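Chain letters run A, B, ... following the sequence lines, proteins first, then strands; residues in each count from 1. Owing to the predicted nature of the structure, the values given are computational and were not obtained by experimental measurement.
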Amino acid sequence: MAKVVMEGRVWEVRRRMNVLRFLEKEGINPEDVLVLINGKVVTEDAVMEPQDEVKILWVLSRG
Amino acid sequence: MKCKVCKRRAVINLRAQNRGLCEECFDTYVLDRVERTIKRFKMFSRGQRVLVAVSGGKDSLGLWDILARLGYNPTGFFVDVGISRDGYSTRSRMVVESFARSRGMDLLVESLEHWWGKGIEEIGRRVLCPTCGMAKRYLTNRVAVERGYDVLCTGHNLDDEVAVLLSNILNWQVGYLARQAPVLESWHSRLTRKVKPLVLLTEKESALYALLRGIEHVEVSCPYARGATTLFYKRLINQVEWRSPGTKQRFYTLFLRNKGLFEGVAKEERESLKECDRCGQPTWEGLCAFCRFMEGSHGDTGREVSKGNQV
Ligand code: SF4
Ligand SMILES: [Zn+2]
Ligand SMILES: [Zn+2]
């Protein structure tokens, strides 16, 4: 199962799915984040495989 | 997704431009975009003395790195405001200093404590964040002018500018709209020229640049930070952007094209500029906002700019 982490939140994703699908499901706007799979920055069409470590980084500041 | 330029694996999908870019091509794109922004808005040229206000955040450190790579030989400027909660100021300062050291870049550091004998937690009290912002702007302007820098750069990105623009329009802040621009000319000898070389880079692009360049920045936000509304506007606009890519940039650049609409207000403001009775900084009233504040709480506008403190 893919493990997805975002600022303290953790998801276990059982099915193979692409990043966009996951973000939409969780109500996260892809414009607001960067996504890394196993340490590499990916685009929204990348697929999260069962063994992947996925990290979502929030990019917006209060500035 | 593949890179539109070289077909390698893309790291970002620039939907507004309908293309993906790989790590290398994205790096080239950022440098090129900032260089074009500097030229397009006639911000500064090589050989001029360039000061960059750095906070320890991704945007300002990224900007400093970009300007150095483009050969502008920028000096960084950090204001230590003396926030002890969460060790915030010390941590930020260490991040900035280690960035400068590792890249061999020139850094100036000033602290409020050094100028006014106390940090912002004592000076600002109830209205800490706005006072802190004002004190930083005041000190930065003074140091830039008194040390003879030609221009002061800040790390404002497209998302920052668009959030401010939206807020100014929602409230019809005509005076602010007249002043909002990528270049704030100096129309007074004690007012530094201010420019924002990242205005055509989105916050996501700026964050990606910092990440790919391995720029260590301050991750936590200031314990006194406000700006919840700015964040709300940024997210709102990003929702529009997602549905209709390119909206952000269009909103901003078309605003700039139509800025003539506010010229009357801008001219009035320029003409009524005076010098502060106390510190000589430009102001629209007898005392500048900063001196007015200090008069109420402390009554001192600080020491003269020293030659030291170069790290
Ligand atoms: S967020 Fe506000 S209080 Fe914190 S450093 Fe910035 S201006 Fe100062
Ligand atoms: Zn490429
Ligand atoms: Zn003053």
Audit row: A:Glu44, B:Met1, side-chain contact (heavy atoms from CB on, under 4.5 Å) steps and yes/no: CA-CA 8 Å; A:Glu44 303 89 63; B:Met1 180 167 218; over 6 Å; no
Step-by-step side-chain hydrogen bond (donor to acceptor under 3.5 Å, both in side chains) determination, B:Asn238 to A:Asn29: CA-CA 8 Å; B:Asn238 269 354; A:Asn29 184 347; 5.6 Å; no
side-chain contact (heavy atoms from CB on, under 4.5 Å) between A:Val41 and B:Leu212, intermediate numbers included: CA-CA 9 Å; A:Val41 186; B:Leu212 296 177; 4.1 Å; yes
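In terms of heavy-atom pairs under 4.5 Å with chain A, the best-connected choice from B:Ile12, B:Asn13, B:Asp59 is B:Asn13. By number of non-hydrogen pairs under 4.5 angstrom with chain A, the leading residue of B:Arg9, B:Glu203, B:Glu23 is B:Glu203. Of the listed residues (A:Val35, A:Leu57, A:Leu34), the greatest number of heavy-atom pairs within a distance under 4.5 Å of chain B belongs to A:Leu34.
A distance-only check finds no donor-acceptor pair linking the side chain of B:Lys234 to the backbone of A:Asp32 [under 3.5 Å].
For B:Asn171, the CG atom sits in a packed shell: over 12 heavy atoms of surrounding residues, nucleotides or ligands are nearer than 6.0 Å. Within a 6.0 Å sphere centred on CD of B:Glu216, heavy atoms belonging to other residues, nucleotides or ligands number 12 at most. Heavy atoms of other residues, nucleotides or ligands lying less than 6.0 angstrom from CD of A:Glu26 number more than 12. With a 6.0 Å radius and a threshold of 12 heavy atoms from other residues, nucleotides or ligands, B:Arg15 has its CZ atom above the threshold. By the neighbour-count criterion of 12 heavy atoms within 6.0 Å, atom CE of B:Met94 is sparsely surrounded, having that number or fewer from other residues, nucleotides or ligands. With a 6.0 Å radius and a threshold of 12 heavy atoms from other residues, nucleotides or ligands, B:Arg179 has its CZ atom above the threshold. More than 12 heavy atoms of other residues, nucleotides or ligands lie within 6.0 Å of CZ in B:Phe251, so this atom counts as buried by the packing criterion.
Only the side chain of A:Asp45 comes within contact range of chain B, judged by heavy atoms closer than 4.5 Å. For chain A, no part of B:Ala163 is nearby; none of its heavy atoms comes within less than 4.5 Å. Interface residue B:Arg226: only backbone heavy atoms are found under 4.5 Å from chain A. In this structure, chain A has heavy atoms under 4.5 Å from both the backbone and the side chain of B:Leu208.
For the pair B:Arg235 and A:Leu60, the minimum side-chain heavy-atom distance is below 4.5 Å. Side-chain contact check for A:Val59 versus B:Thr202: every heavy-atom pair is 4.5 Å or farther apart. Counting only heavy atoms from C-beta outward, the side chains of A:Glu31 and B:Pro245 never approach each other to under 4.5 Å.
Taking all atoms of both residues into account, the shortest heavy-atom contact from A:Val33 to B:Lys204 is O-NZ, 3.0 Å.
Atom-to-atom distance recorded for A:Ser61:OG and B:His217:NE2 is 10.5 Å, nearest 0.5 angstrom. In this structure, CD in A:Glu24 is found 6.5 Å from CH2 in B:Trp242, a value given to the nearest 0.5 Å.
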